[in-house]
Amino acid sequence: MKIAASPGALAVLLSLTGGLFDVARTHKSHPSNGYTPDWKSLDARPLPAWFDEAKFGIFIHWGVFSVPSFENEWFWYNWHEKHNSTVNFMKKNYPPGFTYADFGPMFTAEFFDPHHWANVFQLSGAKYVVFTSKHHEGFTNWGSKYSWNWNSVEVGPHQDIVAELADAVRSKKLHFGLYHSLLEWYHPLYLKDKENGFKTQYFVFSKTMPELYELVIKYKPEVIWSDGDWEVEDTYWNATDFLAWLYNSSPVKDIVVVNDRWGSNIRCKHGGFFNCDDKFSPGTLQFHKWEMCTSIDTHSWGYRRTIKAAELQSVKTIINELVKTVSCGGNYLLNIGPTKEGTIIPAFEKTLLDIGTWLDVNGEAIYATKPWRAQNDTVTPNVWYTSKNNTVYAIFLKWPMNSSLELGAPITSLKTEMSLLGFEGSITWKPVDPQGLIISLPLLTVNLLPSTEAWVLKFTGVQ
């Protein structure tokens with residue numbers, strides 16, 4: 001399984017790339033009134049408004065790792081690094097001499113229906129989709145000129161998956177974005193750069209950067225969700241030059257958003273929005289736009305054949321996380337891992353549809369909202385606030401046993417009005433001195449409640 005970056009192999013790879021080490025330089029564009037390739041300038045770019053307004057997106061991890069679908073999407077790494085469970089799995093199920101590349105033709109995608117996927121995403125209430133164009137294994141889900149014989153057009157599905165999904169997602173009026181890994185675990189040129197202490201950039205200028213320019217020019221993603229940044233700083237990746245071109249001259253310069261994974265020294269410091277770490281959830285208001293990425297499967301981002309029901313996030317947990325995230329100024333990106341055949345398993349699909357049902361009733365408290373002066377209530381736990389213009393929303397995650405809810409944060413007035421989203425009747429309440437109020441919620445049976453996971457009170461005339 002060991003891959004050696006021999007001088008002969010490097011020479012072949014360099015000849016195949018056609019001397020592309022300067023490809024990024026051909027795209028440089030730093031007009032005098034544009035953004036310059038430094039973080040001070042790049043961080044000054046306003047975040048396109050659509051991203052903050054969207055609030056909820058779908059993340060998709062799909063690649064050759066979906067074939068073994070064992071443990072997680074780091075299967076090749078685990079096998080190469082001789083993790084016992086992965087090594088034993090291979091010994092038990094595959095013949096001697098089987099390589100990771102042999103999984104490529106088995107990534108068949110015969111049931112991949114991008115329009116069904118897009119329909120499910122639309123019904124989930126998501127407003128944007130981020131798809132894995134390439135994970136750390138290096139397999140590209142489009143026919144990249146820079147991933148010879150290790151892409152979805154030449155191997156496996158023989159389809160341009162990125163193009164098909166982009167068209168389907170956009171047909172549903174959703175924003176389309178792409179995840180892209182900067183590194184590839186076992187690419188000989190990356191291993192050579194690592195051996196050289198990252199003082200050379202063979203891999204960057206023949207693989208990573210050409211791919212990124214290719215993706216932007218060909219597919220025009222509205223999100224570039226970078227990853228694979230943790231082994232070396234941003235200067236190795238030539239990140240700021242790429243981002244200056246992206247913001248100044250690319251076909252998506254006015255609408256694209258990027259995250260913060262552009263080098264081991266960059267996370268939570270620079271970028272259009274911050275991911276910081278996987279499943280980042282600060283629980284307090286953040287003063288830079290951020291996003292929580294998480295997965296329905298609590299153990300993996302890619303599909304696992306051994307998944308158990310107890311290892312799935314419940315709809316209630318997901319909605320609670322979504323509400324908390326939005327209240328604190330973040331977006332919520334929820335991941336699914338399709339099967340190698342291209343299906344979304346029923347458990348994932350039902351979860352997405354149930355989220356959409358909740359958002360159909362309560363979405364006005366989520367989409368295009370802003371954090372209020374208080375994020376959660378001062379008296380009753382599990383109550384989170386959002387706002388929109390002069391309206392305040394109190395989202396409570398637990399229905400009180402006696403249907404009486406006390407809130408301490410709102411300051412009421414004679415002009416205060418309120419309603420329960422999804423309920424047509426009136427709501428009674430009384431003020432509490434010195435501030436706050438006690439609300440008498442309607443006495444409803446479970447089947448008559450407007451929702452079952454969380455509920456929203458809509459206020460006007462409060463401070």
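When each of W74, Y77, F75 is tested with H136 by the rule ring pair (Phe, Tyr, Trp, His ring centres under 6.0 Å), just one qualifies, namely W74. Of the candidates L243, D241, N238, N248, P37 forms a side chain to side chain contact (heavy atoms under 4.5 Å, CB included) with just one, namely D241. S300 pairs with exactly one of E71, E311, E73, H61 by the side-chain hydrogen bond (donor to acceptor under 3.5 Å, both in side chains) rule, that one being E73.
Remark: the backbone N or O of T132 is paired with a side-chain donor or acceptor of N141 at under 3.5 angstrom. Without hydrogens or angle criteria, S66 side chain to T339 main chain gives no donor-acceptor distance under 3.5 Å. With R305 contributing its side chain and P68 its backbone, the two residues share a donor-acceptor pair below 3.5 Å. Although no hydrogens or angles enter the test, the distance criterion places no donor-acceptor pair under 3.5 Å between the side chain of D260 and the main chain of G271. Between the side chain of S250 and the main chain of K253, a donor-acceptor pair closer than 3.5 Å is present.
Within a 6.0 Å radius of NZ in K350, no more than 12 heavy atoms belonging to other residues, nucleotides or ligands are found. Counted within 6.0 Å of CD on E81, heavy atoms from surrounding residues, nucleotides or ligands total more than 12; the atom is thus considered enclosed.
Here the straight-line distance linking atom CG of L212 with atom OG1 of T208 works out to 7.0 Å at 0.5 Å rounding. The OG atom of S440 sits 10.0 Å away from the CG atom of L405 when rounded to the nearest 0.5 Å. Distance check: T240 OG1 to F242 CZ gives 11.5 Å after rounding to the nearest 0.5 Å. To the nearest 0.5 Å, atoms CG (D227) and CH2 (W301) are separated by 9.5 Å. Between L165 atom CG and I60 atom CD1 the span is 5.0 Å, to the nearest 0.5 Å.
The side chain to side chain donor-acceptor pair (under 3.5 Å) pairs that include a residue from residues 386-396 are E364-Y393, where partners are two or more places apart or lie in different chains. Residue pairs meeting the ring pair (Phe, Tyr, Trp, His ring centres under 6.0 Å) criterion with at least one member in residues 327-363: none, sequence neighbours excluded. Residue pairs meeting the side chain to side chain donor-acceptor pair (under 3.5 Å) criterion with at least one partner in residues 157-170, sequence neighbours excluded, are Q159-E164, D160-Y219.
Side-chain contact annotation: N362 with S451, donor-acceptor N/O pair under 3.5 Å present. A donor atom on one side chain and an acceptor atom on the other are found under 3.5 Å apart for Q286 and T284. With 3.5 Å as the limit, one finds a donor-acceptor pair spanning the side chains of E110 and T108.
Separation of the Y186 and H80 ring centroids falls under the 6.0 Å cut-off. The ring of W290 has its center no closer than 6.0 angstrom to the ring center of F273. Checked against a 6.0 Å centroid threshold, the rings of H175 and W50 count as neighbours. Checked against the 6.0 Å centroid criterion, the rings of Y128 and F51 qualify as a close aromatic pair. Between W262 and W237, the distance separating the two ring centers is not shorter than 6.0 angstrom. Proximity of the aromatic rings of W117 and W62 is defined here by a centroid distance below 6.0 angstrom, and this criterion is met. F70 and F89 have their aromatic ring centers within a separation under 6.0 angstrom. Ring to ring, W225 and H180 are not that close: their centroids are 6.0 angstrom or more apart. Ring centroid separation for the pair H135 and Y179 comes in under the 6.0 Å cut-off.
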Derivation and outcome, side chain to side chain contact (heavy atoms under 4.5 Å, CB included), residues V379 and L407
CA-CA 6 Å; V379 172; L407 300 179; over 6 Å; no
Run the side-chain hydrogen bond (donor to acceptor under 3.5 Å, both in side chains) check on W142 and E214 step by step: do they pass?
CA-CA 10 Å; W142 81 100; E214 183 181 43; 3.0 Å; yes
Is there a side chain to side chain contact (heavy atoms under 4.5 Å, CB included) between K458 and M418 once you walk through the steps?
CA-CA 5 Å; K458 177 180 180 179; M418 77 178 66; over 6 Å; no
I would like to know whether V383 and L397 meet side chain to side chain contact (heavy atoms under 4.5 Å, CB included); could you show each step before the answer?
CA-CA 6 Å; V383 178; L397 309 180; over 6 Å; no
Run the side-chain hydrogen bond (donor to acceptor under 3.5 Å, both in side chains) test on E291 and N275 for me, step by step, so that the C-alpha distance in whole Å, both residues' side-chain angles and the decisive distance to 0.1 Å come before the verdict.
CA-CA 5 Å; E291 179 189 69; N275 291 122; 2.9 Å; yes
Determine, step by step, whether L178 and V162 satisfy the side chain to side chain contact (heavy atoms under 4.5 Å, CB included) criterion, reporting the C-alpha distance in whole Å, the side-chain angles of both residues, the deciding distance to 0.1 Å, and the verdict.
CA-CA 9 Å; L178 291 171; V162 170; 4.0 Å; yes
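Annotation: side-chain hydrogen bond (donor to acceptor under 3.5 Å, both in side chains) contacts of E417 (sequence neighbours excluded): none. Every residue was checked against the ring-ring contact (aromatic ring centres under 6.0 Å, His included) condition with F176, not counting sequence neighbours, and none meets it. Taking S314 as the reference, T317 meet the side-chain hydrogen bond (donor to acceptor under 3.5 Å, both in side chains) condition, with sequence neighbours excluded. Contacts of C328 classified as disulfide bond (SG atoms under 2.5 Å apart), with partners at least two apart in sequence or in another chain: none. With sequence neighbours excluded, no residue satisfies salt bridge (Lys or Arg N to Asp or Glu O under 4.0 Å) with K172. For the side-chain contact (heavy atoms from CB on, under 4.5 Å) test, residues two or more places apart in sequence or in another chain that qualify with H115 are D113, A168, S171. Residues forming a side-chain contact (heavy atoms from CB on, under 4.5 Å) with L123 (at least two apart in sequence, or on another chain): N119, L353. Partners of D234 by salt bridge (Lys or Arg N to Asp or Glu O under 4.0 Å), not counting sequence neighbours: none found. Applying the side-chain contact (heavy atoms from CB on, under 4.5 Å) test to S124 and every residue at least two apart in sequence or in another chain returns F56, I58, A126, L352.
Contact between G329 and P371 at its shortest, heavy atoms only, is CA-CG, 3.7 Å. Residues T378 and A409 come closest through the heavy atom pair OG1-N, 3.6 Å.
A salt bridge links K289 with D52; the closest basic N to acidic carboxylate O contact falls under 4.0 Å. Electrostatic pairing of R261 and D277 does not count as a salt bridge here, judged by no charged N lying under 4.0 Å from a carboxylate O.
Because its NZ or CZ atom is not both nearer than 6.0 Å to the ring centre of F139 and within 45° of the ring axis, K134 does not count as a cation-pi partner of that residue.
Ring geometry, F103 versus Y100: the interplanar angle exceeds 60°, so the pair is classed perpendicular (tilted spans 30 to 60°).
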